[in-house]
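In what follows, a structure is listed as structure tokens, so that the remarks can point back to it.
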Amino acid sequence: MEITYQIEPEDFVAFNLSYMNGSSVMRASIRNTRLICAGIVAVGGCLLMYMLHSLNAISAIAYIALAAVIYALMPRFMVRKVRKGVLRMLARPQNKDICSEKTFTLGETEMALCGGGEDSHYEYKVVERVTEDTEHYFIYVGAMAALIIPFRAFATGEEKAGFYNQLCERVQQGGGNISK
């Protein structure tokens, strides 16, 4: 089976966000960052008010409320930072061919991705997992490397389902892992 599609910058953003949300290490890091930032604001603010001899219940509650707001908004800030970082990376001249037309082929013994200066071949045994979001399949061929297949590459839902079934079958037969 062969499909041809255009890779867009938003596809790379989606992959990075999917990885960020799907990795237990990344989720723990985000949780710790949220807790540390909120703690710094709450403790630091109250400590500042204490040093200025202005600490009272209202200022303490205000800093705790600000810490709660920071804790709640931190994921949005992180998503924005990831988006901006990926788009900035893709805007570099050496990366101009990354967002281009790609042809993905499911062969009998391997997968191939060609186009945009890329000609990569992967045996099915290197597939670590296959995940999806609302608009993409991500075929992980390394801990942090994946082939991105946007759903817009398929004309119909049946074609998309057929691709996924064929991919899963070949990965399992080739010794790879499709578990999400």
Side-chain angles (χ1 to χ4, degrees), residues 3 5-42 67-92 94-100 102 104-106 110-118 120-154 160-161 163-180:
I3 55 173
Y5 53 93
Q6 180 74 25
I7 286 288
E8 303 291 336
E10 285 301 316
D11 298 328
F12 284 98
V13 170
F15 166 68
N16 281 275
L17 293 176
S18 175
Y19 179 78
M20 187 172 84
N21 293 326
S23 166
S24 60
V25 172
M26 290 299 295
R27 284 193 312 267
S29 177
I30 291 167
R31 182 193 66 240
N32 292 342
T33 301
R34 292 172 75 189
L35 289 170
I36 290 168
C37 289
I40 288 171
V41 168
V69 168
I70 288 174
Y71 182 83
L73 293 179
M74 187 61 67
R76 284 189 181 164
F77 293 133
M78 291 180 156
V79 166
R80 179 187 277 157
K81 186 169 179 73
V82 167
R83 178 178 303 283
K84 285 176 72 174
V86 169
L87 295 176
R88 193 174 314 132
M89 183 268 309
L90 291 173
R92 292 182 180 161
Q94 66 265 33
N95 297 328
K96 66 181 168 83
D97 290 333
I98 291 177
C99 291
S100 61
K102 307 281 185 185
F104 182 83
T105 306
L106 279 176
E110 66 180 11
M111 305 175 289
L113 183 65
C114 301
E118 183 171 4
S120 304
H121 298 264
Y122 303 93
E123 292 181 6
Y124 291 113
K125 67 182 177 185
V126 302
V127 175
E128 294 183 4
R129 69 185 184 277
V130 178
T131 64
E132 64 182 276
D133 66 5
T134 58
E135 299 178 19
H136 307 87
Y137 288 125
F138 303 112
I139 306 167
Y140 282 82
V141 293
M144 295 187 303
L147 306 176
I148 303 168
I149 311 294
F151 292 165
R152 66 180 174 277
F154 307 103
K160 180 182 125 190
F163 169 83
Y164 183 75
N165 291 336
Q166 192 174 24
L167 172 68
C168 291
E169 181 182 310
R170 292 196 178 164
V171 167
Q172 287 175 330
Q173 290 173 352
N177 189 1
I178 58 165
S179 65
K180 297 181 179 190

Exercise for review: Walk me through it: do Lys102 and Leu147 pass the test side-chain contact (heavy atoms from CB on, under 4.5 Å)?
Suggested key: CA-CA 11 Å; Lys102 307 281 185 185; Leu147 306 176; over 6 Å; no

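- Considering NE2 of His136 and CG of Leu17, their distance stands at 10.5 Å, rounded to 0.5 Å.
- To the nearest 0.5 angstrom, Thr33 atom OG1 is 11.0 Å from Tyr71 atom OH.
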Point to revise | side-chain contact (heavy atoms from CB on, under 4.5 Å) between Met78 and Ile30, worked out | key: CA-CA 8 Å; Met78 291 180 156; Ile30 291 167; 3.6 Å; yes

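- To the nearest 0.5 angstrom, Ser100 atom OG is 8.0 Å from Ile7 atom CD1.
- Considering only heavy atoms from C-beta on, Leu113 comes within 4.5 Å of Glu118 through its side chain.
- Partners of Phe151 according to the ring-ring contact (aromatic ring centres under 6.0 Å, His included) rule, which considers only residues two or more places apart in sequence or in another chain, are Tyr137.
- Once rounded to the nearest 0.5 Å, the distance linking CZ of Arg34 with CG of Leu73 reads 9.5 Å.
- Counting heavy-atom neighbours within 6.0 Å of Glu123 CD, excluding the residue itself, gives a total of 12 or less.
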Practice item. Report the C-alpha distance between Val127 and Tyr122 in whole Å, list the side-chain angles of each, state the deciding distance to 0.1 Å, and finish with yes or no for side-chain contact (heavy atoms from CB on, under 4.5 Å). Key: CA-CA 8 Å; Val127 175; Tyr122 303 93; 6.0 Å; no

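- Among residues at least two apart or in separate chains, salt bridge (charged side-chain N to carboxylate O under 4.0 Å, His left out) pairs with a member in residues 138-154 are Asp11-Arg152.
- Legend: salt bridge (charged side-chain N to carboxylate O under 4.0 Å, His left out) pairs involving residues 70-83, not counting sequence neighbours, sorted by first then second residue: Glu10-Arg83.
- Panel note: side chain Arg27, backbone Gly22; a donor-acceptor pair is recorded below 3.5 Å.
- Closest approach of Ala67 to Val41, counting heavy atoms only: N-CG1, 3.9 Å.
- The two atoms that bring Cys99 and Glu8 nearest to each other are SG-C, 3.8 Å, heavy atoms only.
- Of all heavy-atom pairs spanning Tyr124 and Gly174, the tightest one is CB-CA, 4.0 Å.
- Interatomic distance, NZ of Lys160 versus CD of Glu132, reported as 6.0 Å (0.5 Å rounding).
- Between Val141 and Met111, some side-chain heavy-atom pair lies under the 4.5 Å cut-off.
- In terms of the side chain to side chain donor-acceptor pair (under 3.5 Å) criterion, Glu135 has no residue partners (sequence neighbours excluded).
- Residue Arg170 comes nearest to Leu106 through the heavy atom pair NH1-O, 2.8 Å, listed as atom of the first residue, atom of the second, then distance.
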Point to revise | Stepwise side-chain contact (heavy atoms from CB on, under 4.5 Å) check, Tyr140 with Thr131 | key: CA-CA 8 Å; Tyr140 282 82; Thr131 64; 3.5 Å; yes

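- Phe104 meets the ring-ring contact (aromatic ring centres under 6.0 Å, His included) test with Phe163; sequence neighbours excluded.
- The two residues His121 and Ala112 come nearest to each other via the heavy atoms ND1-CB, 3.5 Å.
- With Asn95 contributing its side chain and Ile98 its backbone, the two residues share no donor-acceptor pair below 3.5 Å.
- The two residues Leu87 and Pro9 come nearest to each other via the heavy atoms CD2-CB, 3.5 Å.
- Contact annotation: the side chain of Ile148 approaches that of Phe12 to within less than 4.5 Å [non-hydrogen atoms, C-beta and beyond].
- Looking at residues two or more places apart in sequence or on another chain, you find no ring-ring contact (aromatic ring centres under 6.0 Å, His included) involving Tyr19.
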